[in-house]
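Quick note on labels: first sequence line is chain A, next is B, and so on, each numbered from 1.
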2 protein chains.
Amino acid sequence: MPAPKKKSSPHATEPKPRGEAFVQTVLQVTLQQLADVGFEKLSIPDVAARAGVNRTSIYRRWRTKEVLVRHALDAAMDHSEGLATTGDLRTDLIALAQTVAHFLQSPTGTAVVRILLAEGSNPELRLLANKAYGNASDRAPFALLAQAKARGEIAPDVDASTLLFTIAGALMHRVFVEQGRATVTYIAQVVDLVLKGATRYAKEELLETHYRSAHAS
Amino acid sequence: MPAPKKKSSPHATEPKPRGEAFVQTVLQVTLQQLADVGFEKLSIPDVAARAGVNRTSIYRRWRTKEVLVRHALDAAMDHSEGLATTGDLRTDLIALAQTVAHFLQSPTGTAVVRILLAEGSNPELRLLANKAYGNASDRAPFALLAQAKARGEIAPDVDASTLLFTIAGALMHRVFVEQGRATVTYIAQVVDLVLKGATRYAKEELLETHYRSAHAS
DNA sequence: CGGACATTGCAACTTTGAGTTGCAATCACT
DNA sequence: AGTGATTGCAACTCAAAGTTGCAATGTCCG
């Protein structure tokens with residue numbers, strides 16, 4: 001008997017009655033609320049009201065606020081998209097930064113960052129938020145930089161995490177502190193800054209350096 | 001409301017009774033509490049208990065939590081230190097970043113950032129937090145960069161705020177997301193990254209660019 | 001010194017909002 | 001149709017914020 005599920009009977013022994021829609025609605029609203037008012041101000045009665053359901057029903061499924069939020073975040077971060085790489089470092093970094101920016105500006109991302117910053121305690125929640133945060137950009141970025149470094153495209157003494165976190169920090173500052181949009185233009189500016197440096201046009205100095213090293217050997 | 005201080009006697013018309021010490025204690029504790037539990041979880045009864053005073057007394061002076069926090073922040077950001085500049089851009093930027101990092105890691109700074117990120121609404125509070133944030137580094141940094149740009153030390157198309165906010169964002173990420181210390185080493189790394197760029201050693205490409213621009217037209 | 005004024009503390013009260021429980025209504029699936 | 005599970009509803013408990021009247025204490029000034 002084809003049992004992809006848990007029960008042997010072919011008919012749905014795991015009935016997804018109105019319950020499934022219920023769960024989805026509540027988790028959705030929880031995320032929204034999380035982004036809007038933050039973790040601390042989020043309350044189950046509020047979520048219930050906004051979701052158009054009764055508090056009691058929520059309390060019965062998720063005993064506490066923490067559990068509810070955990071499940072909401074869990075459900076929200078299932079879709080980890082692979083990061084397509086073109087081989088051009090600048091292009092790839094911009095694409096990556098766009099992914100991160102998109103995440104930061106989404107309800108989920110906002111919620112996650114708020115938890116990360118405000119919930120210094122609550123190790124369980126922090127862990128989950130960290131997971132969600134890391135999930136948005138996985139390990140791929142590090143591979144990206146390792147390759148670039150192997151190609152000699154970036155300096156060997158540049159720390160990959162410093163570079164990535166600087167970009168991420170710039171985006172966070174843009175979105176949350178300045179409360180501005182992280183446009184493609186802005187993202188490109190940041191990436192270019194970090195890649196080429198602010199002093200990129202001091203050609204004389206660079207040439208000098210080159211000649212010196214060329215003549216030295 | 002302002003106390004009726006207009007007395008006929010020329011002596012201390014602004015009496016500082018036990019009230020002054022009271023105010024200072026409460027504001028101090030408020031700041032501490034703000035950094036410890038954040039704005040949302042902060043409650044006047046808690047502050048009262050921690051300050052060893054009665055809630056009622058606090059309620060009478062500051063009607064709401066918002067007012068109390070506003071005054072606490074106001075009192076905390078009086079000392080704006082001038083930024084000494086040496087003329088060397090890298091040195092000055094590192095010094096500046098250290099000031100910012102120091103602020104971010106202080107109770108006041110933590111509180112301010114938490115408010116900035118969590119209190120997207122509350123325009124009044126946000127405004128004050130912004131003021132406190134900006135206060136940590138005033139306009140001096142912009143002058144710094146303007147001078148460097150005038151000297152041709154940095155590229156003319158580099159946006160000053162992008163550069164500064166990228167550094168600030170990197171520090172915020174370090175302190176709040178990674179929850180690590182912003183050491184001098186790390187700060188120098190970030191500043192160097194932003195100034196020189198990750199691709200600083202790709203001499204061939206830079207030379208190529210130079211030759212092209214030299215031979216072209 | 002002493003009396004008026006202001007400030008703080010104290011205790012009891014009201015209010016608000018989270019969380020709980022028993023029961024009726026509803027839906028799903030046999 | 002009937003049975004079991006799920007949701008809604010209404011009334012409750014409980015904790016903590018905020019309020020008020022009054023007593024106690026300190027300060028100022030004649």
Inset, instruction - Look at the rings of B:F142 and B:F165 and say which category their plane angle falls in: under 30° parallel, 30 to 60° tilted, over 60° perpendicular. - result: perpendicular
Inset, instruction - Kindly assign one of parallel, tilted or perpendicular to the pair B:W62 and B:H71, based on the angle between their ring planes and the thresholds 30° and 60°. - result: perpendicular
Inset, instruction - Ignoring the backbone of A:I44, work out which of C:dG19, C:dG9, D:dT6 is nearest its side chain. - result: C:dG19
Inset, instruction - Would you check if A:F103 and A:V112 make a side-chain contact, meaning some heavy-atom pair closer than 4.5 Å? - result: yes
Legend entry - Nearest-nucleotide 5' precedence on DNA chain D, B:K65 against B:R60: B:K65
Inset, instruction - Measure from CD on A:E40 to C1' on D:dA16 and round the result to the nearest Å. - result: 16 Å
Legend entry - A:Q189, CD: over 12 other non-hydrogen atoms inside 6.0 angstrom: yes
Legend entry - Nearest-angstrom distance from the residue atom CG of B:D46 to C1' of D:dA15: 13 Å
Legend entry - B:F39 and its side chain to side chain contact (heavy atoms under 4.5 Å, CB included) partner, picked from B:K65, B:Q33, B:R114: B:K65
Inset, instruction - Using a cut-off of strictly less than 4.0 Å, decide whether A:R61 has a side-chain nitrogen or oxygen near OP1 or OP2 of D:dT6. - result: no
Inset, instruction - Compare all side-chain heavy atoms of A:L116 with those of A:R126 and state whether any distance is below 4.5 angstrom. - result: yes
Legend entry - Euclidean distance, atom CD of residue B:E20 to atom P of C:dA6 [Å, nearest integer]: 18 Å
Inset, instruction - Can you tell me the distance, in whole Å, between the CG atom of B:L42 and the P atom of D:dA17? - result: 10 Å
Inset, instruction - Counting heavy atoms from C-beta on, name the nucleotide in D:dT7, D:dA17, C:dA18 closest to the side chain of A:S43. - result: C:dA18
Inset, instruction - Among the candidates D:dA17, C:dT8, D:dT7, find the nucleotide nearest to the side-chain atoms of A:F22. - result: D:dT7
Inset, instruction - Using a cut-off of strictly less than 4.0 Å between a heavy atom of the residue and any atom of DNA chain D, enumerate the qualifying residues of residues 51-59 of chain B by number. - result: B:R55, B:T56, B:Y59
